[in-house]
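Reading through the structure tokens given below for one structure.
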Amino acid sequence: MPSFFLLASALLSILLSHSCHAQNSKQDYLDAHNTARANVGVGPLTWDDQVTAYAKQYASQLATDCNLVYSQGQYGENLAAGSDDFMTATKAVAMWVNEKQYYHHDSNKCDEGQVCGHYTQVVWRNSVRLGCARVQ
């Protein structure tokens, strides 16, 4: 059964979490995001329980059919899916941050045919709050 992660920026980052594994704590989510942000000179995020509640509610909806569709809600968000413990908090954020190779800061564009919006969501300067959830 896939696990769903929703990262949204307000920063609402929603990684959907049904069970609390040692590799999926709120500190794991914060550390992964804040490391990427520090690498480009952007300030750290703080955890937000309201954003987390939104993430968990939306992740629960996504788990019904495993269709990763953005909520179009009030927060920016990233989604990820994986089976069992393969998709941990750290691995999900690393997957998004890996898109950095396709992003060009000067033009604020991605390489043609590539995706980098998940990366820019993680490091968006105006994001200050993070909420994540993980569900199965």
Short side-chain to backbone donor-acceptor contact, D48 and V51, under 3.5 Å: yes

Heavy-atom check, side chain of S127 versus side chain of L45, under 4.5 Å: yes

D28 side chain near T88 side chain, heavy-atom distance below 4.5 Å: no

Spacing of CG belonging to D31 relative to NZ belonging to K26, to within rounding of 0.5 Å: 12.0 Å

Atom pair SG/NE2 of C116 and H105 - distance to nearest 0.5 Å: 12.0 Å

Shortest non-hydrogen separation from V97 to A36 and the atoms involved: CG2-CB, 3.6 Å

Min side-chain heavy-atom separation E99-H118 under 4.5 Å: yes

Side chains of H104 and D106 in contact at under 4.5 Å (non-hydrogen atoms): no

Y102-M95 co-clustered via ILVMFWY side chain contacts under 4.5 Å: no

Mutual orientation of the aromatic rings belonging to Y29 and W47 [parallel < 30°, tilted 30-60°, perpendicular > 60°]: parallel

Inter- and intrachain pairs under disulfide (SG to SG under 2.5 Å), touching residues 25-54, at least two apart: none

Shortest non-hydrogen contact from A32 toward T90: CB-CA, 4.4 Å

Partner set under side chain to side chain contact (heavy atoms under 4.5 Å, CB included) for V42, not counting sequence neighbours: R37, V40, R125

Closest heavy-atom pair and its distance - T120, G117: OG1-O, 3.0 Å

Aromatic plane relationship, Y119 with Y103 - under 30° parallel, 30 to 60° tilted, over 60° perpendicular: tilted

